Amino acid sequence: ASCYSERAASSGCAAIVLANSDPGLAPVGALGPVLGTNPLALAAPAGRAGIVPRLDRATSSVAVGRVRAAADESKALPDGWAIGSDGNPTNDPELALSGAVLPLGGHKGFALAFLLDVFAACHPGAERSPDTPRAPGAPEPQNHGYPPGAIHAAGDRPRRRRPRPG
């Protein structure tokens, strides 16, 4: 999603792009994944310093790529990142990959993931996370939604000041 928001920012727009993904995120207290990690990306044109303000964030406490990296390096995961396929918390990245990651901020993060999923599924041809296949390498399309929104940023225009009363 970030490649689209950053492209809009380089064209002078403030942008928001959201997406849904295959199930990999479990709500608090669940036994397994229900929604995708459903990323959210925001970016705006560079300011005077030339820095593009941007955010690219999954709704999970950790990106699944970091769990894969921990598995490759045989490193334990911090507490609160994941559950195994039995629904129990785990620090073992291999068990986490067969289970699910947990939402950022508990139930509030899951609520954000749910609403991003609803909005992304409104994109033509997109499915809800629970309806997408969980095998990214599978031959059938996953039908994820990437609805963008952009507003032309008029930061170079002088701002009107309201007259002060009296």
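Since we're looking at a predicted model, the values are computed, not measured.
Side-chain N or O atoms of S11 include none that pairs as donor or acceptor with a backbone N or O of C13 at under 3.5 Å. Counting only distance, with no hydrogens or angles, the side chain of R48 and the backbone of I51 share no donor-acceptor pair below 3.5 Å. A distance-only check finds a donor-acceptor pair linking the side chain of S129 to the backbone of S21 [under 3.5 Å]. A donor-acceptor pair under 3.5 Å is formed between the side chain of N20 and the backbone N or O of E127.
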Residues L25, N38; criterion side-chain contact (heavy atoms from CB on, under 4.5 Å); working and verdict: CA-CA 9 Å; L25 179 76; N38 300 350; over 6 Å; no
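One distance of note links CG of N91 with CH2 of W81; it measures 10.5 Å at 0.5 Å rounding. Rounded to the nearest 0.5 Å, atoms CG (L95) and CG (N88) are 10.0 Å apart. We find the OG-CG distance between S85 and L97 to be 11.0 Å, quoted to the nearest 0.5 Å. Atom-to-atom distance recorded for D56:CG and C3:SG is 9.0 Å, nearest 0.5 angstrom. Remark: L77 CG to D92 CG distance equals 7.5 Å, nearest 0.5 Å.
Here the options are L112, L35, V34, the test is side chain to side chain contact (heavy atoms under 4.5 Å, CB included), and the partner is D117; only L35 passes. The one candidate from V67, T37, L102 that meets the side chain to side chain contact (heavy atoms under 4.5 Å, CB included) condition with S60 is T37.
P147 places a side-chain heavy atom less than 4.5 Å from the side chain of L18. Considering only heavy atoms from C-beta on, L42 stays 4.5 Å or farther from S5 through its side chain. The closest side-chain heavy-atom distance from T59 to L40 is not below 4.5 Å.
Heavy atoms only, all atoms of each residue included: A71 and E94 are closest at CB-OE2, 3.4 Å. Contact detail for G109 and P103: the closest heavy-atom pair is C-CB, 4.0 Å. In terms of heavy-atom proximity, S10 sits nearest to R7 at OG-O, 2.7 Å. Closest heavy-atom contact between Y146 and V17: O-CG1, 4.4 Å. A pairwise comparison of heavy atoms in S61 and G80 identifies OG-O, 3.6 Å as the closest pair. Closest non-hydrogen pair, A9 versus A43, comes out as CB-CB, 3.8 Å.
Heavy-atom neighbours of I151 CD1 from other residues, nucleotides or ligands within 6.0 Å: at or below the threshold of 12. Heavy atoms from other residues, nucleotides or ligands lying under 6.0 Å from CZ of R128 number 12 at most. The 12-atom threshold is exceeded at CZ of F110, counting heavy atoms of other residues, nucleotides or ligands nearer than 6.0 Å.
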